[in-house]
Asks: 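Next up is a structure, given as structure tokens.
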Amino acid sequence: MEGLLYKARVDIVFAGHVHAYERFNRVYNQESDDCGPVHITIGDGGNREGLASKYKEPRPTISAFREASFGHGEFDVVNASYALWSWHRNDDDESVQSDLVWIKSLVSNPACNKLVI
């Protein structure tokens, strides 16, 4: 599946089964890759089992941000080249923005459009 996502120049992958939040840098084959998708695990909306608080240690270099808190995300497609992703912790009585990243579309990166797999 990862090869298909990479070949299709997918910009972002959302997954949600793990009950926590983690955002990875652009990655392919377990390594940083400027032409790979950003992976976001956002399964922290709430559940009976509670949060998954154990992360792989030491933290992998491909992991940009992670936190075991309840929360929600907001994804804003600004234009054909950029989107804004933000994650908000909801553990307290108010929403607190804890992670923010601009995502540039791979279509606008000439180096990524020349790759052959």
Asks: Name all residues meeting the side-chain contact (heavy atoms from CB on, under 4.5 Å) criterion together with Asp34; count only those two or more places apart in sequence or in a different chain, and write none if there are none.
Replies: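 With neighbours one apart ignored, the set is empty.
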Asks: Are Tyr6 and Asn29 linked by a side-chain donor-acceptor pair shorter than 3.5 Å?
Replies: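 Result is no, nothing qualifies.
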Asks: Among all residues two or more places apart in sequence or in another chain, which pass the ring pair (Phe, Tyr, Trp, His ring centres under 6.0 Å) test with His39?
Replies: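 Expected list: none.
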Asks: To check you understand the geometry: which heavy-atom pair defines the closest contact between Arg26 and Lys104, and what is its length?
Replies: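 Closest pair (atom of Arg26, atom of Lys104, distance): NH2-O, 2.7 Å.
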Asks: Do Arg9 and Val107 have side chains that get closer than 4.5 Å, going by heavy atoms?
Replies: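 Side chain of Arg9 against side chain of Val107, heavy atoms only: no contact under 4.5 Å found.
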Asks: Test of understanding: with side chain to side chain donor-acceptor pair (under 3.5 Å), list the residues that count as partners of Arg89, not counting sequence neighbours.
Replies: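 Partners of Arg89 by the side chain to side chain donor-acceptor pair (under 3.5 Å) criterion, ordered by chain and then number, come out as Glu67, Ser98.
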Asks: Report yes or no: do Asp76 and Trp85 form a side-chain donor-acceptor pair below 3.5 Å?
Replies: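 No - no donor-acceptor pair under 3.5 Å links their side chains.
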Asks: Whether the side chain of His88 engages the backbone of Ser95 through a donor-acceptor N/O pair (distance < 3.5 Å, no angle test) should be reported.
Replies: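 Pair absent, no side-chain N/O of His88 close to backbone of Ser95.
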Asks: For Ser69 and Asp91, test the side chains for any donor-to-acceptor distance below 3.5 angstrom and give the result as yes or no.
Replies: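 Judged by distance alone, the side chains do pair up.
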Asks: Side-chain contact, heavy-atom cut-off 4.5 Å: Phe14 with Thr41?
Replies: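 Of all side-chain heavy-atom pairs linking Thr41 with Phe14, none is under 4.5 Å.
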Asks: For Ala64, does its backbone N or O pair with a side-chain atom of Arg59 as donor and acceptor, under 3.5 Å?
Replies: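 Side chain of Arg59 to backbone of Ala64, a donor-acceptor pair under 3.5 Å: yes, one is there.
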Asks: Quick check: does any side chain N or O of Ser108 sit under 3.5 Å from a backbone N or O of Ser105, one acting as donor and the other as acceptor?
Replies: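 Side chain of Ser108 to backbone of Ser105: a pair is present.
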